[in-house]
Amino acid sequence: MMKNIPFSQVLTLREQIAYQPGQVVSRTLVQNGSVSVTLFSFDKDEEISTHESGGDAFVTCLDGVGRITIDGVEYELHQGESIVMPARHPHAVYGKEQFKMLLVVIF
């Protein structure tokens, strides 16, 4: 079930999460054994360090510029662009500028 987001109204995802100085902020919209949907905002130079996930992680940039590292290879993500971080591969996310993203993980 979805949570933490208005129902039955048109909305802009990037407006559903705010930037916080010196922080990575997350807002979970769905979390269960099959799927996780989370909004994230990264202040400039903030990051989620290298880790692995048990599911394929689909990222869409909603605002700003982020750097996604997968298996040691860096990719720059701009508004409207997406990338998939495959399950069980080391990856990291860094706010090259302030950066908002939608993360959908399929388990």
Side-chain angles (χ1 to χ4, degrees):
M1 183 172 346
M2 300 231 24
K3 60 183 181 179
N4 299 324
I5 196 164
F7 282 46
S8 303
Q9 71 182 62
V10 176
L11 52 85
T12 303
L13 280 178
R14 72 175 176 267
E15 295 172 359
Q16 302 305 306
I17 192 162
Y19 291 112
Q20 297 292 333
Q23 292 185 39
V24 176
V25 179
S26 66
R27 184 175 188 178
T28 301
L29 306 181
V30 176
Q31 182 77 53
N32 62 46
S34 301
V35 66
S36 167
V37 180
T38 310
L39 292 171
F40 282 91
S41 70
F42 292 74
D43 197 15
K44 181 176 171 37
D45 295 325
E46 294 300 314
E47 67 180 327
I48 297 174
S49 59
T50 303
H51 63 285
E52 293 182 18
S53 170
D56 292 324
F58 177 79
V59 172
T60 298
C61 177
L62 303 174
D63 188 46
V65 180
R67 184 177 70 218
I68 309 294
T69 305
I70 305 168
D71 290 324
V73 179
E74 294 182 355
Y75 304 88
E76 196 167 278
L77 215 56
H78 300 87
Q79 186 174 334
E81 296 178 334
S82 301
I83 194 166
V84 175
M85 301 180 292
R88 292 171 293 285
H89 286 256
H91 59 267
V93 183
Y94 173 79
K96 189 165 180 180
E97 297 176 5
Q98 284 190 323
F99 171 60
K100 292 181 182 178
M101 70 180 202
L102 174 68
L103 173 68
V104 179
V105 183
I106 307 298
F107 297 100

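Hydrogens, waters and symmetry mates play no part in the numbers below; they use all other heavy atoms, side chains included.
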If you define the side chain from C-beta out and look only at heavy atoms, does anything of [X] sit under 4.5 Å from [Y]?
| X | Y | result |
| --- | --- | --- |
| Thr50 | His91 | no |
| Ile83 | Phe58 | no |
| Ser34 | Phe107 | no |
| Phe99 | Lys44 | no |
| Tyr75 | Arg67 | no |
| Thr28 | Val37 | no |
| Thr38 | Arg27 | no |
| Val104 | Val35 | yes |

Find the distance between [atom1] ([X]) and [atom2] ([Y]) and round it off to the nearest 0.5 Å.
| X | Y | atom1 | atom2 | answer |
| --- | --- | --- | --- | --- |
| Gln16 | Thr12 | CD | OG1 | 7.5 Å |
| Ile17 | Ser26 | CD1 | OG | 6.5 Å |
| Ile68 | Glu81 | CD1 | CD | 11.0 Å |
| Thr69 | Met85 | OG1 | CE | 10.0 Å |
| Ser41 | Arg14 | OG | CZ | 13.5 Å |
| Gln23 | Phe42 | CD | CZ | 12.5 Å |

Inset, instruction - Please check if the side chain of Asp56 supplies one atom and the backbone of Pro86 the other of a donor-acceptor pair under 3.5 Å. - result: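 Pair absent, no side-chain N/O of Asp56 close to backbone of Pro86.
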Treat each ILVMFWY residue as a node, draw an edge where side-chain heavy atoms are under 4.5 Å apart, and state whether [X] and [Y] are in one component.
| X | Y | value |
| --- | --- | --- |
| Val93 | Val65 | no |
| Tyr94 | Val73 | no |
| Val24 | Leu62 | no |
| Leu103 | Met2 | no |

Inset, instruction - Classify the side-chain pair Gln98/Asp43 by whether it contains a donor and acceptor separated by less than 3.5 Å. - result: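 Yes.
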Legend entry - Verdict with reasoning, Met101 to Cys61, per side chain to side chain contact (heavy atoms under 4.5 Å, CB included): CA-CA 4 Å; Met101 70 180 202; Cys61 177; 5.5 Å; no
Legend entry - Atom of Ile48, atom of Phe40 and distance for their closest heavy-atom approach: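 Heavy-atom minimum between the residues: CD1-CE2, 3.8 Å.
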Inset, instruction - Identify the residue among Val59, Leu77, Thr60, Leu102 that makes a side chain to side chain contact (heavy atoms under 4.5 Å, CB included) with Ser82. - result: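 Considering Val59, Leu77, Thr60, Leu102, a side chain to side chain contact (heavy atoms under 4.5 Å, CB included) with Ser82 is found only for Thr60.
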Legend entry - Residue from Glu76, Glu47, His78 passing side chain to side chain donor-acceptor pair (under 3.5 Å) with Lys96: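 One option only clears the test, and that one is Glu76.
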Inset, instruction - Could you tell me whether Arg88 and Glu52 have a side-chain N and a carboxylate O separated by less than 4.0 Å? - result: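 A salt bridge is absent here (no side-chain N lies under 4.0 Å from a carboxylate O).
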Legend entry - CA sep, side-chain torsions, deciding dist, call: Lys100, Tyr19, side chain to side chain contact (heavy atoms under 4.5 Å, CB included): CA-CA 8 Å; Lys100 292 181 182 178; Tyr19 291 112; 3.4 Å; yes
Inset, instruction - Kindly indicate, with the supporting measurements, whether the criterion side chain to side chain contact (heavy atoms under 4.5 Å, CB included) is fulfilled by Leu39 and Asn4. - result: CA-CA 10 Å; Leu39 292 171; Asn4 299 324; over 6 Å; no
Inset, instruction - Could you pull out all residues at least two apart from Ser49 that satisfy side-chain contact (heavy atoms from CB on, under 4.5 Å)? - result: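 So Ser49 forms no side-chain contact (heavy atoms from CB on, under 4.5 Å) with any residue.
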